[in-house]
Amino acid sequence: MKYLPHGVAFLSSLVSRAIGLNFTIAGGQIFTPGFAVLDAPQPGTPLGGDTIEVALDVTANGRLHLPPYGDDSPSRINNITIFLYSYVTGRNFTITNGTASTNNVSLGDIMQSEPGSTVKHVKWNWPDCLVGDGKPENADSDRGAYNISIRQNFRLNGEDHYTIFDVPISVTNKIDFTGNNPPCDSVNNPLLTPEEVDAESANSVGILFAPGDSTVVQQPDSTDDGSDGIGPTKPEANPGEGLGGASALKQTSAVYWISLLSLLYFTI
């Protein structure tokens, strides 16, 4: 019982995230305000193990060519950076900012990883302050509720965008010390307030390339299939589909709240 207030705060943070977030999910994929499509993890997933793993399709399921891009390409991904942050713990860890550090304490440019693969698998060693098992046991713990924050700097049809996409997860599964865990302070950054981040303005482009979205991607033709260099169009939209469609939101709510209930079980 003595840890109940901290557990309630942990759950409260997840509830507030649930109220503020809607996800567009189709076929298990989560669509973002950008070219990246999140394959894993799902929102609300309890995570642990030796590494945190994020799988991103960086071609919008084949709509965008892989790099290298020409400087004058009307559509391209400039870079994708990923952070792990929590307003509960006050931590803001760099998973990748595009430049690899010594011993991969933070990772390099994910667009250059796994050449030829449209899906990039980001695997990052948990920092040492997250080593442990189970829910946070007191207010000083760095384990608990976090967001994987995916930042995309890209150009779509001649217009530049920088978007922010957060996926709530919980660090509650077992994490062992492997000897490769970076010191937390070495990957920690100052945590900006939501007002300073202003994700709503950054994401004004909206969710892209979900089923029902017929956005045409303008890009030079670098394929050998005789196409005109413009990405294939998506199927025609059906009622309830599309960006923020009712069917997508219902599926999202089910996934999110089932995960949230499981987190509640581990929290209090």
Side-chain angles (χ1 to χ4, degrees), residues 22-40 53-83 95-100 107-123 148-167 198-238 241-245 248:
N22 286 316
F23 295 98
T24 302
I25 302 177
Q29 292 185 305
I30 304 169
F31 293 83
T32 74
F35 286 110
V37 180
L38 181 65
D39 290 337
E53 300 185 11
V54 181
L56 290 173
D57 186 308
V58 297
T59 67
N61 289 330
R63 303 288 292 279
L64 178 71
H65 299 153
L66 287 169
Y69 308 112
D71 291 339
D72 59 349
S73 176
S75 299
R76 55 178 289 161
I77 295 176
N78 297 317
N79 60 69
I80 296 176
T81 57
I82 305 176
F83 299 87
I95 295 178
T96 170
N97 62 3
T99 303
L107 304 178
D109 186 355
I110 69 169
M111 295 300 295
Q112 302 304 318
S113 67
E114 300 175 271
S117 175
T118 60
V119 177
K120 307 301 181 183
H121 300 88
V122 179
K123 298 182 179 181
I148 298 171
S149 188
I150 301 166
R151 316 289 179 92
Q152 299 179 66
N153 182 340
F154 65 98
R155 184 184 303 158
L156 173 61
N157 298 341
E159 293 188 11
D160 292 323
H161 301 276
Y162 178 83
T163 63
I164 301 166
F165 186 75
D166 289 349
V167 180
D198 194 10
E200 183 176 355
S201 295
N203 297 341
S204 59
V205 66
I207 300 298
L208 296 169
F209 308 113
D213 178 11
S214 59
T215 300
V216 173
V217 179
Q218 300 170 359
Q219 58 188 327
D221 183 12
S222 62
T223 66
D224 295 323
D225 59 5
S227 69
D228 59 4
I230 298 177
T233 58
K234 290 290 185 181
E236 291 297 323
N238 296 317
E241 291 185 335
L243 306 184

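This structure is a prediction, so every number in the text was calculated from the model and none was measured.
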TODO: Look only at the side chain of Thr96 and the backbone of Gly108, and say whether a donor-acceptor pair between them is shorter than 3.5 Å.
DONE: yes

Open item on the list: Testing the basics here: between Leu38 and Ala55, what is the closest heavy-atom pair and its distance to 0.1 Å?
Closed with: CD1-O, 3.5 Å

Task: All pairs passing side chain to side chain donor-acceptor pair (under 3.5 Å) where residues 114-123 contributes a residue, at least two apart - done: Glu114-His121

Open item on the list: Checking the side chain of Ser73 only, and the main-chain atoms of Gly70 only, is there a donor and an acceptor separated by less than 3.5 Å?
Closed with: no

- [ ] Look up atom OG1 in Thr99 and atom CG in Leu107, then write down how far apart they are to the nearest 0.5 Å.
- [x] 11.0 Å

Open item on the list: Less than 4.5 Å apart, side chain to side chain, heavy atoms only: is that true for Asp71 and Arg76?
Closed with: yes

Open item on the list: Restricting to non-hydrogen atoms, name the atom on Thr59 and the atom on Gly62 that form the minimum distance, rounded to 0.1 Å.
Closed with: OG1-N, 2.8 Å

Open item on the list: Any donor-acceptor pair under 3.5 Å linking the side-chain atoms of Asn22 with those of Thr24?
Closed with: no

Using residues 27-34 as the side-chain source, report each donor-acceptor pair under 3.5 Å to any protein atom, sequence neighbours left out, with the distance given to one decimal.
| unit_1 | atom_1 | unit_2 | atom_2 | d |
| --- | --- | --- | --- | --- |
| Gln29 | OE1 | Asn61 | ND2 | 2.9 |
| Gln29 | NE2 | Asp39 | OD1 | 2.8 |
| Gln29 | NE2 | Asn61 | OD1 | 3.1 |
| Thr32 | OG1 | Ala36 | O | 2.6 |
| Thr32 | OG1 | Gln152 | NE2 | 2.9 |

Task: Ile164 CD1 to Asp198 CG distance, which is reported to the nearest 0.5 Å - done: 8.0 Å

Task: Beyond-backbone contact of Asn78 with Tyr162, side-chain heavy atoms, under 4.5 angstrom - done: no

Open item on the list: side-chain contact (heavy atoms from CB on, under 4.5 Å) for Ile82 and Leu56? Distances and angles first, verdict last.
Closed with: CA-CA 11 Å; Ile82 305 176; Leu56 290 173; 4.2 Å; yes

TODO: Enter the distance from Ile95:CD1 to Ile148:CD1 here, rounded to the nearest 0.5 Å.
DONE: 6.0 Å

TODO: Among Ile150, Val122, Asp109, find the residue that satisfies the side chain to side chain contact (heavy atoms under 4.5 Å, CB included) test when tested with Ile80.
DONE: Ile150

Open item on the list: Parallel, tilted or perpendicular: which one describes the rings of Phe23 and Phe165, with boundaries at 30° and 60°?
Closed with: perpendicular

Task: Closest heavy-atom pair and its distance - Thr163, Ala202 - done: CG2-O, 3.6 Å

- [ ] Specify the closest pair of heavy atoms between Pro74 and Arg155, including all atoms of both residues, with the distance to one decimal.
- [x] O-CG, 3.2 Å

- [ ] Walk me through it: do Val217 and Phe35 pass the test side-chain contact (heavy atoms from CB on, under 4.5 Å)?
- [x] CA-CA 10 Å; Val217 179; Phe35 286 110; 4.1 Å; yes

TODO: With sequence neighbours excluded, tell me which residues meet ring pair (Phe, Tyr, Trp, His ring centres under 6.0 Å) with Phe83.
DONE: none

TODO: May I ask you to test the Leu156-Leu208 pair for a side-chain heavy-atom distance under 4.5 Å?
DONE: yes

TODO: Compare every heavy atom of Thr81 with every heavy atom of Gly98, then report the nearest pair and how far apart it is.
DONE: N-CG2, 4.4 Å

- [ ] Determine the minimum heavy-atom distance between Ile77 and Val58, stating which atoms define it.
- [x] CD1-O, 3.3 Å

Open item on the list: Whether the side chain of Asn157 engages the backbone of Ser75 through a donor-acceptor N/O pair (distance < 3.5 Å, no angle test) should be reported.
Closed with: no

